[in-house]
Each structure stands twice: as C-alpha cells, then as structure tokens.
Protein chains: 2
Amino acid sequence: MSLQYAVLGVLEARPLSGYELVQFFDTAAGWVWSAPQSQIYTLLRQMEQRGLIAGTEQVRGTKLKRTVYSLTPLGRKELTSWVSARHPEPPIRDSLLVQALFFDMVGSSAAAAVLEEVVADNEALVEHWREHRDRLLNKDTTLLRERLKHRPETEHDRMAELKAHVFDGLISSATARVEWAKAGIELLKKYR
Amino acid sequence: MSLQYAVLGVLEARPLSGYELVQFFDTAAGWVWSAPQSQIYTLLRQMEQRGLIAGTEQVRGTKLKRTVYSLTPLGRKELTSWVSARHPEPPIRDSLLVQALFFDMVGSSAAAAVLEEVVADNEALVEHWREHRDRLLNKDTTLLRERLKHRPETEHDRMAELKAHVFDGLISSATARVEWAKAGIELLKKYR
DNA sequence: CAGGTCATGTAATATGTTACATGATTTC
DNA sequence: GAAATCATGTAACATATTACATGACCTG
C-alpha cells in the first residue's frame with residue numbers, strides 16, 4: 001500500500017515516466033521506501049486503471065515510447081486523505097533482533113563480529129542521510145525544487161523543514177541502532 | 001526466512017506444539033516477530049521435511065491429536081550458523097516516514113494529530129517492553145526458565161542479559177520514534 | 001559498431017494476510 | 001448443554017523479489 005502513496009507523493013513534484021520512477025525508488029527514495037523495477041511498472045498500470053494517475057505516451061526518436069504519469073485530482077485527494085489519517089503500526093518484524101535473541105547460543109566473538117558490522121553499516125547510513133537532510137534544508141534537491149515551483153513562497157521553509165525532518169527520523173533510528181549494537185559489544189566483552 | 005529461525009530459536013527452549021507456537025507468535029514473541037496462524041502451520045510442515053525439526057504426535061482425550069515439534073541436531077546447527085553470520089540490512093520500508101514525507105500537503109493540525117498518536121502508541125510499547133526486559137533480567141519468564149534448565153549455571157547471567165538487551169533495542173528504537181514525533185509536533189507548531 | 005543507457009514488460013517464486021472451515025475437549 | 005479453548009488445516013489474495021527478455025537510442 002505505502003508504495004502506492006510514495007508514488008503519488010513523488011508525482012506531486014512533477015510528472016515522471018515509469019523509468020524515472022524506477023530509478024528514483026532504486027536510489028533517492030530508496031532511502032525511505034525501496035521497490036524493484038517489476039513492481040513499479042505493474043503498480044503504475046493498476047493505479048492508472050483506478051484513476052489515481054494519468055499516463056501520456058511520448059515518443060523519443062521515432063519508435064521508443066515512454067509513458068509519463070501525472071497525478072489526477074482523485075490521486076491527489078487519495079494521497080492527502082491517507083497522509084492525514086493515522087494508520088496502525090505494522091507488526092514488528094526485525095530480523096537483526098531475532099538474531100540477537102539467540103546470541104547466547106554462539107560465542108561472544110562471533111556475536112560481537114556481527115554487531116561490529118551493524119555499527120559500521122549504520123554509521124555509513126547516517127552519513128548519507130545527514131547529507132541528504134542538509135541538502136533538503138538548503139532546498140537543494142532536484143525534486144524539492146520542482147515542488148517549490150508550484151507552491152507559494154511563504155510555504156517554502158515549512159516544506160523544506162518537514163522533508164528534512166523525515167531524514168532526521170532515519171538518522172535517529174540508525175543512531176539508536178548504533179548505540180544499541182555498541183552496548184551489545186560491551187556486554188559480550190563482559191562474558192568473553 | 002527470519003520466521004523460520006525464530007521458530008528454531010523458540011524450540012531450543014523446549015519442544016512445543018503448533019498451537020503453542022501460534023500463541024507465542026501472537027503474543028510474547030510478537031514483540032519481536034509476529035506471524036499469523038496459517039503461516040506457522042505450513043512452515044512447520046516445511047521445516048519438518050527439511051529435517052530441521054521433528055514432530056511427534058500426541059493424543060489428548062481419545063481423538064484430539066497434536067504434534068509436538070522439537071529441534072533436531074541439524075536444526076540447531078542451522079540456527080547457530082545463521083546467528084553467527086552477518087546478513088544484509090533489509091531495504092528500508094517505513095510507511096510512517098512515507099506519510100511524514102508528505103505532511104507539507106496537509107494542514108499542520110492534521111499532521112500533528114497523527115504524530116500525537118504516534119507518541120501515545122510508542123510510549124505504550126515502551127512500557128510493555130520495559131516490563132518484559134525487567135522480567136528477563138530477573139530470569140522470570142516461562143521460556144527463559146526452560147532454557148536455563150538445560151544450560152550450566154555459569155551461563156545464566158549471560159543469557160538473561162543478552163535476551164534483555166534485545167528488548168533494550170526495541171525500547172531505544174521506540175523511544176527514538178517518540179522523540180522524533182515530538183520534534184515534528186514542535187516543528188508543525190512553528191508553521192501553524 | 002560496440003557498449004551504455006533508455007524504456008517496458010513477463011514469469012516464477014517467496015512471503016505474509018485474511019478469511020473460512022472443521023471438530024474435540026474442557027469448563028461453567 | 002452452551003461457550004470457551006484446544007488443535008489443525010485450506011484457499012484466496014496481496015505484496016515483494018529475482019530473473020529473464022526485448023528492443024530503441026545515444027556516445028565514443
């Protein structure tokens with residue numbers, strides 16, 4: 001479900017082709033929600049049928065076709081109503097925590113090695129997200145600039161700060177995980 | 001995949017019937033990994049075929065049958081090797097953050113109302129997890145007591161602390177989310 | 001003209017969710 | 001004897017992943 005709304009939200013910035021959306025969900029938006037190529041194309045056709053987006057065929061060269069999708073009024077309405085409502089927390093399903101639950105069955109050094117990698121990976125993620133957060137605050141990302149174009153200037157700061165706040169969320173959860181993993185390593189040392 | 005390892009890990013405490021496992025993944029373990037009834041029964045049969053667990057039929061009364069599953073040596077080996085290895089971070093897929101990404105499209109009060117509920121829900125989760133964490137540290141949960149029975153006493157403290165640490169992870173991520181939501185509410189007030 | 005990028009699609013598989021179905025046993 | 005609990009299963013559906021497939025266009 002969320003992928004659908006992510007797509008609607010991206011299209012609010014400007015109309016995009018399927019190919020561009022695929023790229024987006026592989027990189028930039030993959031930072032919040034990721035989806036493989038095959039899922040995007042099938043979803044776009046479904047969303048078009050439901051009237052949430054409208055596709056226009058364009059031709060590059062003589063034969064290469066692409067379909068550019070844009071938000072319909074219905075799609076916009078659907079998006080804003082979803083964004084305004086509280087949705088139930090999804091069931092927790094955290095495979096690293098399942099793994100940690102059984103660390104007592106293996107040696108401290110093996111468990112600590114896993115946690116060291118968790119620290120490294122999450123610190124790298126924090127780095128990426130911090131950069132993106134800063135770019136958003138400076139209104140310096142392609143998509144945000146598109147959005148600002150069709151919104152009154154009085155809203156620009158609010159928009160940039162709200163977008164940046166999402167990445168603050170990613171940063172703080174990854175930071176929490178780093179701290180948790182470090183505490184785990186210390187705990188394992190105690191019983192080495 | 002993780003559900004399989006969660007099942008193996010639970011069975012390491014003691015053999016359990018399908019029904020007991022269903023209950024477990026609906027409540028206690030639902031705190032780390034949740035799964036519906038239908039998934040459990042089908043998975044158990046698959047795991048038995050692969051030789052990871054062994055089922056024994058028992059009869060209650062005259063006709064009611066139940067199958068009690070226990071870890072096989074192969075299952076134990078599979079579990080410890082999975083626990084010892086680092087597995088790639090799953091793709092990020094956080095529907096609340098997708099929602100927050102488009103808060104700029106709706107009024108501050110609607111967005112703040114959503115975040116207020118996020119705060120309340122996550123504070124409740126933190127409460128539950130704190131309790132469970134404390135019970136683990138006191139070696140006061142049914143499953144942990146089962147586990148301790150067949151492990152040398154010198155390991156008991158290590159086991160309890162490692163299990164509790166998992167719930168520290170849940171607590172810290174929910175706490176981080178609470179702080180994030182509160183900061184969001186403040187941000188929205190600024191632009192009310 | 002070779003290799004990279006543009007552009008879209010299908011198929012098979014895995015995983016997870018909701019709903020429905022059945023019958024035995026225990027408890028009040 | 002009715003209601004709750006024990007116990008297991010199937011079917012339909014939604015969602016997500018991997019792999020494969022095809023062909024046009026652009027750049028050096």
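Letters go in sequence order (proteins before strands), and every chain restarts at 1.
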- Message: Output the rounded distance in Å from CD (A:E20) to P (C:dA7).
- Response: 7 Å
- Quickly work out the A:F24 CZ to C:dC6 C1' distance and round it to whole Å. 19 Å
- Length of the CG-C1' vector between A:L16 and C:dT8, whole Å: 16 Å
- Under the side-chain hydrogen bond (donor to acceptor under 3.5 Å, both in side chains) test, which residues partner A:N138, sequence neighbours left out? none
- Item | Any residue meeting side-chain hydrogen bond (donor to acceptor under 3.5 Å, both in side chains) with B:Q4, in chain and number order, not counting sequence neighbours | none
- Results of salt bridge (charged side-chain N to carboxylate O under 4.0 Å, His left out) for A:E20 - residues two or more places apart only: A:R14
- Quick one: which residue pairs count as a side-chain hydrogen bond (donor to acceptor under 3.5 Å, both in side chains) with a foot in residues 68-81 of chain A, not counting sequence neighbours? A:Y5-A:E78
- What integer distance in Å separates B:R66:CZ from D:dG9:C1'? 17 Å
- Item | Interatomic distance where CG belongs to B:D26 and P belongs to C:dG16 [whole Å] | 15 Å
- Return the set of residues passing salt bridge (charged side-chain N to carboxylate O under 4.0 Å, His left out) with A:K182 (not counting sequence neighbours), or none when no residue passes. A:E123
- Message: Considering only residues two or more places apart or on different chains, which pairs with a residue in residues 87-107 of chain B satisfy ring-ring contact (aromatic ring centres under 6.0 Å, His included)?
- Response: B:W82-B:H87
- Separation of A:I92 atom CD1 from C:dT17 atom P, in whole Å? 13 Å
- Of all the choices, D:dT17, C:dT15, C:dT17, which nucleotide is nearest to the side chain of A:R93 once you look at every atom? C:dT17
- Charged N to carboxylate O under 4.0 angstrom, A:D168 versus A:R133? yes
- Message: If you take any heavy atom closer than 4.0 Å to DNA chain D, which residues from residues 40-58 of chain A end up in contact?
- Response: none
- Task: Give, ordered by number, those residues of residues 74-86 of chain B having at least one heavy-atom distance below 4.0 Å to an atom of DNA chain D; if nothing qualifies, reply none.
- Result: none
- Item | Sequence-distant partners of A:E186, side-chain contact (heavy atoms from CB on, under 4.5 Å), two or more places apart | A:K189
- Query: Atom CE of A:M1 and atom P of C:dG16: how far apart are they, to the nearest Å?
  - Reply: 18 Å
- Task: Under the side-chain hydrogen bond (donor to acceptor under 3.5 Å, both in side chains) rule, collect the residues that match up with B:E48, sequence neighbours excluded.
- Result: none
- So does B:Y19 get a side-chain nitrogen or oxygen closer than 4.0 Å to the phosphate oxygens (OP1/OP2) of D:dC6? yes
- Query: Quick one: side-chain hydrogen bond (donor to acceptor under 3.5 Å, both in side chains) partners of B:R145, sequence neighbours excluded?
  - Reply: B:D140
- nucleotides 18-28 of chain D: protein proximity per nucleotide (B base, S sugar-phosphate only, - neither; heavy atom, under 4.0 Å): BB---BSS---
- Query: Hey, what do you get for CZ (A:R158) to CG (B:L187), rounding to the nearest 0.5 Å?
  - Reply: 8.5 Å
